[in-house]
Participant: 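Questions regarding the structure given below will be posed in turn.
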Amino acid sequence: MAKLKKKLNGLRRSPKSLIAVLFAGLLVVGSGYTAVNAAVSPDRQTVRSESQIQYGKKLFLANCASCHGRNAEGRELIAPSLIGVGEAAVDFQVSTGRMPGAASGPQLQVKPVQFTEEQISAMAAYVGSLADGPAIPDQAYLQANGDPTKGGELFRINCAMCHNAAGKGGALTEGKYAPGLMGSSAKTIYEAMITGPQNMPVFNDANITPEEKNDIITYLTYLQENSSVGGDDLGGLGPVTEGLLAWFGMLGLIIAITVWLGAKSN
Amino acid sequence: MSNATTSKKKNGFLAGTATYVDDRLGVGGVLKEFGRKIFPDHWSFMLGEVALYSFLVLLLSGTFLTFFFQPSMTQVVYDGVYAPLKGAHMSIAYASSLDITFEVRGGLLMRQVHHWSALLFVAAAGLHMLRVFFTGAFRKPRELNWVVGFVLFVLGMAAGFTGYSLPDDLLSGNGLRIIDGMIKGIPWIGTWVSTLLFGGEFPGHAIVGRLYSLHIMLVPALILVFLAIHLVMLVVHKHTHYSGPGRKDTNVVGYPLMPVYVAKAGGFFFIVFGVIMLISSFFTINPIWNYGGYDPSPVSAGTQPDWYIGWLDGALRLAPTGIEFMIGDNTVSMNILLPLVVSLVFLALVALYPFFENWVTGDKREHHVLDRPRNAPVRTAIGAAGVTFYAVLWAGASTDLIATSFKMSLNQVLLAMQISLIILPFVAFIVTKRICLSLQRKDREIALHGRESGRIVRLPHGEYIEVHEPLESHDLYKLVAYKEYEPTLPRPNAKGKITLSARLRSRISRFYFQDRISPATQTEIDENAHHAHELEEQVQKAIESSK
């Protein structure tokens with residue numbers, strides 16, 4: 001036993017073992033990193049091919065660089081830097097038609113989409129290649145198959161103060177506003193949460209987990225797919241439109257009838 | 001009916017029934033009096049009726065809802081059919097409201113009927129008040145009935161607000177929190193009042209039960225009592241009527257309640273009921289399932305109260321900020337107190353207006369013929385200013401929706417409303433007064449010179465004239481039959497002294513009646529008719545000579 005110990009001690013002190021340990025360490029860390037990285041975003045490598053990035057860069061230079069700068073570094077008071085905003089931000093802004101922006105104003109407006117899906121993902125790949133940022137969400141969290149009750153609760157606590165409890169949108173200061181969500185796709189909603197476009201705060205995965213984001217999407221999808229059980233929802237704007245209908249619809253109709261009844265006797 | 005036919009009374013069914021009841025209860029006179037109450041025909045006299053009928057619909061639908069509603073704030077886990085709330089923690093009040101909506105047969109329709117008729121009730125009552133105001137129907141002997149009507153309007157708002165908070169959903173909870181904040185904003189006593197009302201810190205576990213007691217017992221009972229007083233006074237005072245030939249302050253021209261108006265009003269009840277059912281069937285109101293149960297942490301964007309509380313919400317929104325100050329250790333929150341005081345003063349002015357106008361005119365006569373609004377220019381202008389003030393406050397409650405719907409800046413909308421609240425009532429006053437005076441002038445012109453006939457005639461010496469046709473006396477009556485008030489002079493009292501109040505009264509009287517158009521007198525009309533006759537003869541001569 002003592003003999004074996006002595007032999008091992010000798011091996012440990014030889015310079016050859018240092019090389020072996022270094023090699024083994026690098027092997028474990030390197031392959032481990034690759035494995036983990038692949039597990040986190042399995043499609044990122046496949047999405048971002050070199051040719052796609054080049055195509056995206058070309059589109060970027062032609063359509064975006066005038067404001068965001070030739071290297072996406074941004075221009076003060078005109079447009080923010082896009083380094084590190086991630087593919088999700090590009091996909092959100094361009095696929096909803098907000099970008100390219102038509103005019104400066106309190107807020108970018110939703111417009112008809114200017115690019116094809118292929119072009120949008122090329123630009124996203126280019127911006128994504130500049131620095132790491134929120135990636136395009138995994139399809140697994142966009143299926144609207146979560147828990148609508150929990151989603152509703154999360155929505156009311158985190159989103160309703162701007163987007164309204166029924167997701168109809170609301171006003172912010174100085175001409176800005178939170179848009180209604182009744183026409184938003186699952187992907188757009190998810191991307192908005194992780195990128196925080198315009199006035200919206202970022203809800204990262206530590207704040208609201210991907211599963212919880214799926215719950216919120218499930219809740220909103222339910223609202224989108226199920227119209228009001230009580231008849232026309234009057235735009236879902238609550239007591240204001242209800243009051244207008246009460247005055248001008250109901251009372252107006254009744255007054256028309258009273259005038260008719262009064263006229264009959266003459 | 002059989003009683004009337006078997007006893008073969010000459011006076012018919014009404015007298016027969018009156019006799020039957022009178023023999024047993026001794027109140028036949030009252031019944032007869034009520035049955036012979038005369039109603040004139042005019043559409044604007046039916047607005048109060050609309051309010052009355054929507055109140056009946058409220059009682060019917062409300063009773064249905066009490067069968068299923070449970071006013072408890074105990075927490076339960078929802079296990080009903082509405083998927084996006086299944087498994088959520090909520091109060092029993094909210095859960096039972098959801099059950100009424102989704103599981104009780106006809107429950108959602110009844111909820112919508114109840115809510116829509118509540119909106120209609122207050123709206124019709126408000127419009128009825130405006131009709132009474134602008135036609136001067138509040139004048140002697142009806143000043144007290146105006147006050148009773150005013151109390152009914154305020155009770156309507158109270159009934160609405162207590163009911164609005166019962167389902168314990170997020171939207172109404174946000175509204176309740178605003179009320180809590182307003183109460184707490186009253187210096188010194190606010191916190192105590194809030195604690196007593198909510199049974200501890202907001203929201204507590206008591207408020208829904210307490211509001212329920214008020215909503216289904218106290219407030220409707222008070223409404224019924226004041227409604228009864230309102231209707232008895234209506235019979236005692238007799239009905240007012242618009243001016244016309246044969247219509248005087250000493251009579252009423254119309255049809256009796258029995259049998260004509262019982263049939264008409266009965267039919268009209270079903271029309272109002274029908275309209276309410278129609279709207280309730282096709283339009284959602286207060287979709288509580290969208291809002292979720294109340295939880296003090298979330299607040300929804302676009303939170304508004306029902307329309308009749310809107311003007312108070314607007315007052316809060318339009319109040320300037322940064323005007324609070326400290327007295328000792330207490331912050332006096334002027335941004336809450338100012339709107340509170342302004343609203344209360346506004347309500348007090350509405351309630352007391354008849355007494356004020358009576359003091360100014362010093363008119364002790366009874367008035368049963370209504371004013372045309374144009375014939376009381378300053379009153380009409382004051383009314384228009386009040387309506388404008390109310391309307392701006394009301395619109396103020398939806399600043400956020402105005403901003404998003406019309407793509408404007410919320411801050412600028414708010415500023416524009418603040419300016420409008422001060423400026424527009426004055427603009428409305430001046431414009432309305434001018435329009436009234438112009439209309440009076442036009443009336444006078446038509447009364448004196450007749451209606452433009454469109455007939456152009458050339459006289460022999462080349463002059464062209466348009467022939468005016470004199471009015472039928474029936475049409476003329478409406479244009480000239482109104483009382484003209486003149487500004488009063490300050491008179492010395494018994495001690496021979498001109499008091500400050502007498503001077504003030506004289507000043508206000510001048511403000512009211514300085515600018516006025518006198519109605520055309522009979523002498524003026526005769527004189528003009530003579531001229532017209534001479535002209536007509538000239539025209540006839542001209543026509544004959546040209547043949």
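Just so it is clear: chains get the letters A, B, ... in the order the sequence lines come, proteins before strands, and each one is counted from 1. The structure displayed is predicted, hence computed values, not measured ones.
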Participant: So which of B:Asp400, B:Thr101, B:Val122, B:Val275 has the largest heavy-atom pair count under 4.5 angstrom toward chain A?
Facilitator: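 Looking at each option in turn, the highest pair count goes to B:Val275.
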Participant: Output the option from B:Ala403, B:Ser297, B:Gly126, B:Ala83 having the highest count of non-hydrogen pairs under 4.5 Å with chain A.
Facilitator: B:Ala83
Participant: With a 4.5 angstrom heavy-atom cut-off, is it the side chain or the backbone of A:Leu237 that approaches chain B, or both, or neither?
Facilitator: both
Participant: Would the distance check show the side chain of A:Thr149 and the main-chain N or O of B:Lys86 forming a donor-acceptor pair, the cut-off being under 3.5 Å?
Facilitator: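 Judged by distance alone, yes, a pair lies under 3.5 Å.
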Participant: Give, for atom CG of B:Leu85 and atom OH of A:Tyr222, the distance between the pair rounded to the nearest 0.5 Å.
Facilitator: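 These two atoms lie 9.0 Å from each other.
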Participant: How long is the span from the CG atom in B:Leu108 to the OG atom in A:Ser228, to the nearest 0.5 Å?
Facilitator: 7.5 Å
Participant: Taking B:Gln412 for its side chain and A:Glu174 for its backbone only, find out whether a donor-acceptor pair lies under 3.5 Å.
Facilitator: no
Participant: How about residues 91-103 of chain A versus chain B: which residues have heavy atoms under 4.5 Å apart?
Facilitator: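 Expected list: none.
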Participant: What residue in B:Gly292, B:Ser281, B:Gly267 has the most heavy-atom pairs under 4.5 Å with chain A?
Facilitator: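 Answer, by heavy-atom pair count under 4.5 Å with chain A: B:Gly292.
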Participant: Give, for atom OG1 of B:Thr404 and atom NZ of A:Lys176, the distance between the pair rounded to the nearest 0.5 Å.
Facilitator: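 Going from OG1 on B:Thr404 over to NZ on A:Lys176, the span is 15.0 Å.
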Participant: Looking only at heavy atoms, what is the nearest atom pair of A:Arg156 and B:Leu170, with distance?
Facilitator: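 Here A:Arg156 and B:Leu170 meet closest at CD-CD2, 3.8 Å.
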Participant: Is it the side chain or the backbone of A:Gln109 that comes within 4.5 Å of chain B heavy atoms, both, or neither?
Facilitator: side chain
Participant: Return the CG to CG distance between B:Asn290 and A:Asn164, rounded to the nearest 0.5 Å.
Facilitator: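 It is 8.5 Å, given to the nearest 0.5 Å.
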Participant: Can you name the nearest heavy-atom pair linking A:Val229 to B:Trp289, along with the distance?
Facilitator: CG2-CZ2, 3.6 Å
Participant: Using heavy atoms and a sub-4.5 Å threshold, report which of residues 242-255 of chain A line up against chain B, by residue number.
Facilitator: A:Glu242, A:Gly243, A:Leu245, A:Ala246, A:Trp247, A:Met250, A:Leu251, A:Leu253, A:Ile254, A:Ile255
Participant: A:Ala165 and B:Ser300: which non-hydrogen atoms are nearest, and at how many Å?
Facilitator: N-OG, 2.8 Å
Participant: Between B:Asn411, B:Asp295, B:Val272, which residue shows the highest count of heavy-atom pairs closer than 4.5 Å to chain A?
Facilitator: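 With the most close heavy-atom pairs to chain A, the winner is B:Asn411.
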Participant: Does any N or O in the side chain of B:Thr284 come within less than 3.5 Å of the main-chain N or O of A:Asp232, such that one atom is a donor and the other an acceptor?
Facilitator: yes
Participant: Taking side chain as everything from C-beta outward and backbone as N, CA, C, O, which of these in B:Gln112 sits under 4.5 Å from a heavy atom of chain A? Side chain, backbone, both or neither.
Facilitator: side chain
Participant: Measure the CE-OG1 distance between A:Met161 and B:Thr303 for me, rounded to the nearest 0.5 Å.
Facilitator: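 It is 11.0 Å, given to the nearest 0.5 Å.
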Participant: Can you name the nearest heavy-atom pair linking B:Pro305 to A:Pro239, along with the distance?
Facilitator: O-CB, 3.0 Å
Participant: Give the intermediate values and the outcome of side-chain contact (heavy atoms from CB on, under 4.5 Å) for residues A:Glu153 and B:His89.
Facilitator: CA-CA 10 Å; A:Glu153 205 171 309; B:His89 291 263; 6.0 Å; no
Participant: Check each atom of B:Leu171 against the heavy atoms of chain A and say whether the ones under 4.5 Å are side chain, backbone, both or neither.
Facilitator: side chain
Participant: Minimum heavy-atom separation for A:Cys162 and B:Ala301, please, with both atom names.
Facilitator: O-CB, 3.4 Å
Participant: Go through B:Leu119, B:Ile279, B:Asp306, B:Ile285 and name the one with the most non-hydrogen pairs under 4.5 angstrom from chain A.
Facilitator: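 Ranked by contacts with chain A, first place is B:Ile285.
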